[in-house]
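Read through the structure below, which is laid out as structure tokens, and then see the notes.
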Amino acid sequence: MRKGQHFARAFKRAVAVEYLQSGEERKVIAMKYGLPNVQTISNWVSLYLTPHEIETKCVNLPRINVNAVEMAKVETPQTQVPLENQQAVIEQLQKQLQKLEKQLQFEKDRNYALNTLIDIAEEQGIKIRKKSGVKR
């Protein structure tokens, strides 16, 4: 990347969202897009995403509950399910998974389109997004 190169607001938002959702290190994302340093991504996250967006898009790893780990070690009796029923359940779950993946992709595309629309409006001087911070 040459010094002083500028990126579109939509691109900066997309990179910031990808960083939060993927859980990859900033270094990996910076190399992927040819950014000058990893601090650029942190700056973009704070400048182009609202606190609510950061909270909802961030990869949240579940906290480990020590009691749950201990309980998992205790063996529970498992009932035997006939093989035919297992296959039917697996097929049903696979169909449900495919449906949910399609819905997720649709919502991701919709979210990207709406954010792009807002970015274009803001470039035209129409203020849509609320500024983060405390009102006095």
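Along the sequence shown, residues are numbered consecutively beginning with 1. This one's a predicted model, so the numbers in the text were calculated from it and none came from an experiment.
A 6.0 Å sphere centred on CD of Gln92 holds no more than 12 heavy atoms belonging to other residues, nucleotides or ligands. By the neighbour-count criterion of 12 heavy atoms within 6.0 Å, atom CD of Gln103 is densely surrounded, having more than that number from other residues, nucleotides or ligands. Counting heavy atoms of neighbouring residues, nucleotides and ligands inside a 6.0 Å radius, atom CZ of Phe11 exceeds 12 of them. A 6.0 Å sphere centred on CD of Gln39 holds more than 12 heavy atoms belonging to other residues, nucleotides or ligands.
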Quiz item: Stepwise, does the side chain to side chain donor-acceptor pair (under 3.5 Å) test hold for Glu107 with Asn111?
Solution: CA-CA 6 Å; Glu107 290 300 325; Asn111 187 8; over 6 Å; no
Practice problem: In sequence, state the C-alpha distance, the side-chain angles, and the governing distance for Tyr48 and Asn43, and then conclude on side-chain contact (heavy atoms from CB on, under 4.5 Å). | Solution: CA-CA 8 Å; Tyr48 298 105; Asn43 293 341; over 6 Å; no
Quiz prompt | Step-by-step side chain to side chain donor-acceptor pair (under 3.5 Å) determination, Thr40 to Asn37 | solution = CA-CA 6 Å; Thr40 303; Asn37 58 45; 3.0 Å; yes
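With contacts defined as side-chain heavy-atom distances shorter than 4.5 Å, the pair Phe106/Lys102 does not qualify. Side-chain contact between Trp44 and Arg13 is absent, with no heavy atoms from C-beta onward closer than 4.5 Å.
Atom CD in Gln21 sits 6.0 Å away from atom NZ in Lys108 (nearest 0.5 Å). Separation of atoms CG (Leu93) and CG (Leu100) is listed at 10.5 Å; rounding is to 0.5 Å. Here the straight-line distance linking atom CG of Asp119 with atom OH of Tyr112 works out to 8.5 Å at 0.5 Å rounding. Of the inter-residue distances, the one linking Arg26 atom CZ with Tyr19 atom OH reads 5.5 Å to the nearest 0.5 angstrom.
Between Glu18 and Lys32 a salt bridge is recorded (basic side-chain N to carboxylate O distance below 4.0 Å). Of the charged side-chain nitrogens involved, at least one lies within less than 4.0 Å of a carboxylate oxygen, so that Arg9 and Glu122 count as a salt-bridged pair.
Not a single salt bridge (Lys or Arg N to Asp or Glu O under 4.0 Å) links Glu101 to another residue, sequence neighbours left out.
By the criterion of side-chain heavy atoms lying less than 4.5 angstrom apart, applied directly or through intervening Ile, Leu, Val, Met, Phe, Trp or Tyr residues, Val38 is not grouped with Leu35; the two fall into different hydrophobic clusters. Residues Ile29 and Leu47 share a hydrophobic cluster, clusters being chains of Ile/Leu/Val/Met/Phe/Trp/Tyr side chains in contact below 4.5 Å. Criterion: ILVMFWY side-chain heavy atoms under 4.5 Å apart, direct or through other members. Under it, Val15 and Ile118 are not part of a common hydrophobic cluster.
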